[in-house]
Amino acid sequence: MAPDLLGAVLSHTTPEGTVSLRLTEVEAYLGHGDDPGSHAFRGKTPRNAVMFGEPGHVYVYFTYGMHACANLVCSPQARASAVLLRAAEVVEGVDLARLRRSAGRGGTAHEHETRATQVSDRDLARGPARLTVAAGIRLDENGADAFSAPFSLVLPDEPVASVAAGPRTGVSGAGGDGGRYPWRFWIPGERSVSPYKRHPKAGSAN
DNA sequence: GACCGGATCATCT
DNA sequence: GATGATCCGGTCC
């Protein structure tokens with residue numbers, strides 16, 4: 001299940017180099033109609049077809065017109081059919097990850113360098129879209145096998161010592177049925193975990 | 001330090 | 001035509 005992926009190391013190799021990510025925060029999504037927040041809620045579509053496919057594959061989707069996010073497809077028998085990678089720690093290829101995060105946003109090369117030095121290690125892959133960018137995962141890699149080149153997925157030898165769970169954030173339906181279940185998991189104490197603040201309007205049930 | 005709103009386009013109704 | 005599994009920057013304590 002989803003928490004098993006915490007601590008796993010996902011590597012992605014391109015001609016530029018290799019970036020390895022140690023997963024510190026994930027979020028589970030069901031593959032059928034019980035989960036209003038899941039892309040698969042409405043059934044199978046060309047976009048989410050990967051979620052209905054074989055476990056161990058990478059599901060990459062494009063959202064908000066500017067962001068790509070990466071998921072790992074799980075066994076249909078598990079609680080979740082897909083796991084969104086929300087945050088990770090860069091354990092290899094830090095420089096390359098930093099370069100990717102600072103590039104492609106316009107501005108001069110000098111500004112890129114300046115910005116690059118400002119991006120702290122913990123911010124490199126904090127958040128689904130950032131994680132995807134840092135790893136260099138592209139949309140056309142949707143459906144790729146996470147265990148085969150250019151990817152490499154190494155599950156942790158033993159489960160992480162402690163796992164924290166909580167409600168989802170930033171998902172429509174999170175305040176409704178979707179919010180009842182703790183489908184977000186992270187490693188407590190990890191500084192790379194996104195301390196996200198949900199929209200106060202959405203539900204300041206506190 | 002914390003909150004709010006905008007940007008931007010593939011996908012679905 | 002509307003909307004979203006988000007991120008960034010400005011603004012106000």
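Note that these values count all heavy atoms, side chains included, but never hydrogens, waters or copies made by symmetry. In what follows, chains are A, B, ... by sequence order, proteins preceding strands, each numbered from 1.
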What's the closest nucleotide to the side chain of A/A129 if the choices are B/dA10, C/dA5, C/dT6? C/dT6

Counting only Watson-Crick or G-U wobble pairs whose two distances fall under 3.5 Å, which nucleotide matches B/dA10? C/dT3

Output for pair (A/L6 CG, A/R22 CZ), nearest 0.5 Å, gives 9.0 Å

Should C/dG9 form a Watson-Crick or G-U wobble pair with both distances under 3.5 Å, which nucleotide is its partner? B/dC4

Rounded distance in Å - CD1 (A/I137) to P (C/dA5): 19 Å

Looking only at atom types and distance, does a side-chain atom of A/R101 sit under 3.5 Å from a main-chain N or O of A/L124, one as donor and one as acceptor? yes

Gap between atoms CG and P, on A/L85 and C/dT6 respectively (whole Å): 13 Å

Decide whether A/D35 and A/S38 meet the rule of one side-chain donor and one side-chain acceptor closer than 3.5 Å. no

From the set C/dT6, B/dC12, C/dA5, return the single nucleotide nearest to any side-chain atom of A/R47. B/dC12

Rounded to the nearest angstrom, tell me the gap between atom CZ in A/F62 and atom C1' in B/dA10. 7 Å

Among B/dC9, C/dC8, C/dA5, the nucleotide that comes nearest once only the side chain of A/R130 is considered: C/dC8

Residues A/E16, A/R100: salt bridge by 4.0 Å N-O rule: yes

Which of B/dA7, B/dC9, C/dC8 is nearest the side chain of A/M66? It is B/dA7

Could you state the OH-P distance from A/Y64 to C/dG4, rounded to the nearest angstrom? 7 Å

What's the NE2-C1' distance between A/H67 and B/dA7, to the nearest Å? 8 Å

Side chain of A/M51, heavy atoms from C-beta onward: which of C/dA5, C/dT6, B/dC12 has the nearest atom to it? C/dA5

Does a nitrogen or oxygen in the side chain of A/T63 sit under 4.0 Å from OP1 or OP2 of C/dT6? no

Nearest to the side chain of A/R101, heavy atoms from C-beta on, is which of C/dC8, B/dC12, C/dT6? C/dC8

For atom CG of A/N48 and atom C1' of C/dG4, their distance in whole Å: 14 Å

A/L139 CG to B/dT11 C1', straight-line distance once rounded to whole Å: 12 Å

Check this for me: A/E54, atom CD, are more than 12 non-hydrogen atoms of other residues, nucleotides or ligands nearer than 6.0 Å? no

Mind calculating the distance between CG (A/L30) and P (C/dA5) to the nearest angstrom? 14 Å

Under the 3.5 Å rule, do the base of B/dA10 and the side chain of A/Y61 count as making a donor-acceptor pair? no

